[in-house]
Amino acid sequence: MKGNPEPIPRVVQQTAERSLTGLPLFEAFVSACNDANVELKDFGLEGLRSCLSIASNWVEARRRHDILTSMGNVKITLAGSVRNDFFQTTPPNIDFLGTIPFTEAQAKIRQAKILLNVVGVFPDGSHERIWYGMAAGCPILTERGRLLEEDFVDGESIFYWPDDPEHINDLVSSLLADPKRLETAASNALPIYSKRHTWTQRAATILDSMAVGDE
Amino acid sequence: MTGTLSPILVTNRADNYSNHHMLEGLHEGFKALGYKSQLHLIGQDGTGLDAFLEALPDPTSEQGQNSFLVDLNARMRLPQTHPLKKFSFITDHPFALLEQILASPQEQYWGMLIAAMLLFLTPCSFRIAGHSSPTAALNRILISTRLSTVRSTPYSLDGSITLPALPTYKRV
């Protein structure tokens with residue numbers, strides 16, 4: 001793709017907007033391309049990567065920003081890298097640590113009252129921080145997704161972000177005010193995690209695949 | 001293959017990111033299942049690379065036939081590793097890793113985060129043999145764990161994307 005022909009910015013914007021509503025990124029991209037009568041082959045590899053990167057980064061940052069700024073005075077520890085302009089000014093309720101060593105992040109998770117996970121661009125996937133959190137006995141608040149919903153029930157063994165962002169603050173505040181509810185959810189999640197989601201189970205999945213491939 | 005599988009895990013050392021800790025977790029998982037697993041963490045200055053290369057078995061030997069590499073995001077692409085079977089755990093959307101994926105040997109296994117990634121790889125000329133439709137693949141192949149597996153054969157591109165009429169998939 002040379003330059004930015006007229007439909008391309010619109011395709012990127014629509015990809016981002018549709019992905020933000022929960023559509024997987026590439027499905028959103030294909031949908032936007034179809035609406036603009038643009039074919040994938042017109043992008044070339046670098047154009048494809050650029051457009052999807054822009055949309056993906058925007059969706060992830062937007063989702064995280066919206067959630068982080070929806071929680072009033074709830075104290076939040078934020079670890080990891082963010083874009084330079086992610087916060088114009090870091091909100092006073094957020095303790096932004098930047099990038100920290102993995103082992104230190106694990107210690108923070110063990111101390112947390114609840115682990116907040118926001119990815120946004122993999123609506124049917126998960127993230128290892130969810131599993132590390134469960135392993136540490138930390139209650140999890142995360143996005144819905146087919147993988148998680150197969151095993152974990154909202155309010156019983158996990159908590160999912162409410163559909164309406166207006167309800168985020170109420171949910172988090174009510175959870176923090178009810179330590180017993182948090183403890184119960186973490187306790188309910190732990191045996192499910194131990195049975196189905198440890199690295200040992202992942203290793204077994206890989207071994208099965210490699211063995212099948214040689215048949 | 002006649003013996004027990006032997007995983008050889010390799011990735012870059014990245015203390016501030018979860019990457020090498022993920023492979024440490026898998027390494028411990030393989031060992032817990034009774035497999036002889038090796039973990040090689042390569043420093044930014046190349047520390048550990050020689051030891052990794054020396055540990056690679058002769059691919060024509062029984063040990064080589066039973067060994068397979070595990071890496072993250074198709075980063076290990078040294079020619080010495082190409083004869084060995086490999087499983088690459090893709091931890092990001094493949095659009096961000098196309099260069100690495102397309103530069104990988106043709107025969108290897110991929111672990112994807114979500115089924116929707118197949119919809120991206122298929123137009124990128126990946127042939128995923130077996131199932132008759134993407135929908136069947138979405139329903140049957142993936143999502144049982146975050147670490148889903150699909151066997152694929154990438155083909156080199158000429159800088160353009162081609163759309164096959166109907167992708168096919170194989171359950172692994």
Side-chain angles (χ1 to χ4, degrees), chain A residues 23-27 29-30 39-49 51-53 56 80-81 99-106 119 121-132 145-148 150 196-215, chain B residues 1 5 7 14-22 24-33 35 37 65 68 70 85 87 89 91-96 98-99 102 107 109 111-117 119-120 123-124 142-151 157 159-163 171-172:
Chain A
L23 198 61
L25 184 72
F26 190 61
E27 290 181 39
F29 181 68
V30 170
E39 294 191 44
L40 294 187
K41 66 182 181 183
D42 295 337
F43 286 84
L45 283 182
E46 189 50 45
L48 193 62
R49 178 162 44 200
C51 291
L52 286 167
S53 290
S56 174
S81 57
T99 302
I100 60 175
F102 176 82
T103 49
E104 192 177 325
Q106 295 300 295
V119 175
V121 289
F122 301 127
D124 275 336
S126 74
H127 195 285
E128 64 271 13
R129 73 172 69 91
I130 293 173
W131 313 120
Y132 286 130
R146 196 186 332 178
L147 169 63
L148 291 172
E150 281 178 2
R196 287 175 54 88
H197 296 289
T198 66
W199 283 119
T200 301
Q201 274 103 43
R202 305 298 190 247
T205 302
I206 292 176
L207 288 164
D208 287 347
S209 300
M210 302 310 287
V212 168
D214 282 322
E215 287 176 352
Chain B
M1 190 182 75
L5 288 168
D15 290 329
N16 283 6
Y17 294 91
S18 59
N19 286 12
H20 85 232
H21 300 280
M22 293 172 69
E24 280 179 344
L26 281 175
H27 174 58
E28 294 303 321
F30 286 128
K31 289 198 299 183
L33 292 168
Y35 289 82
S37 176
Q65 294 292 308
F68 68 94
V70 180
K85 294 185 290 288
F87 181 95
F89 190 176
T91 64
D92 206 341
H93 198 290
F95 76 75
L98 265 184
E99 182 182 345
L102 293 174
E107 287 293 334
Y109 290 74
M112 299 290 167
L113 301 187
I114 56 172
M117 289 177 174
L119 298 178
F120 174 77
C124 294
L142 303 174
I143 305 297
S144 61
T145 65
R146 178 177 193 250
L147 178 58
S148 309
T149 60
V150 59
R151 188 176 193 184
L157 299 179
S160 62
I161 302 293
T162 55
L163 279 168
R171 185 179 189 179
V172 293

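Just so it is clear, the structure is predicted and the values come from calculations on it, not from any experiment. Throughout, a chain's letter reflects where its sequence line sits, starting with A, and its residues are numbered from 1.
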For G29(B) and A203(A), which heavy atoms make the closest approach, and how far apart are they?
-> C-CB, 3.8 Å

Should the ring pair F102(A) and H21(B) be called parallel, tilted or perpendicular, given that the plane angle runs from 0 to 90° and is split at 30 and 60?
-> parallel

If you take all heavy atoms of M210(A) and F87(B), which pair is closest and at what distance?
-> SD-CB, 4.0 Å

When the 4.5 angstrom heavy-atom criterion is applied to S56(A) and chain B, the contacting part is side chain

Atom pair NZ/CH2 of K31(B) and W199(A) - distance to nearest 0.5 Å = 15.5 Å

Provide the closest heavy-atom pair for A32(B) versus T200(A) in the form atom of the first, atom of the second, distance.
-> CB-OG1, 4.0 Å

Which bit of F29(A) comes within less than 4.5 Å of chain B, counting heavy atoms only: side chain, backbone, both or neither?
-> neither

Answer with side chain, backbone, both or neither: which region of F30(B) has an atom nearer than 4.5 Å to a non-hydrogen atom of chain A?
-> both

L207(A) and L33(B) have their tightest heavy-atom pair at CD1-CD1, 3.8 Å

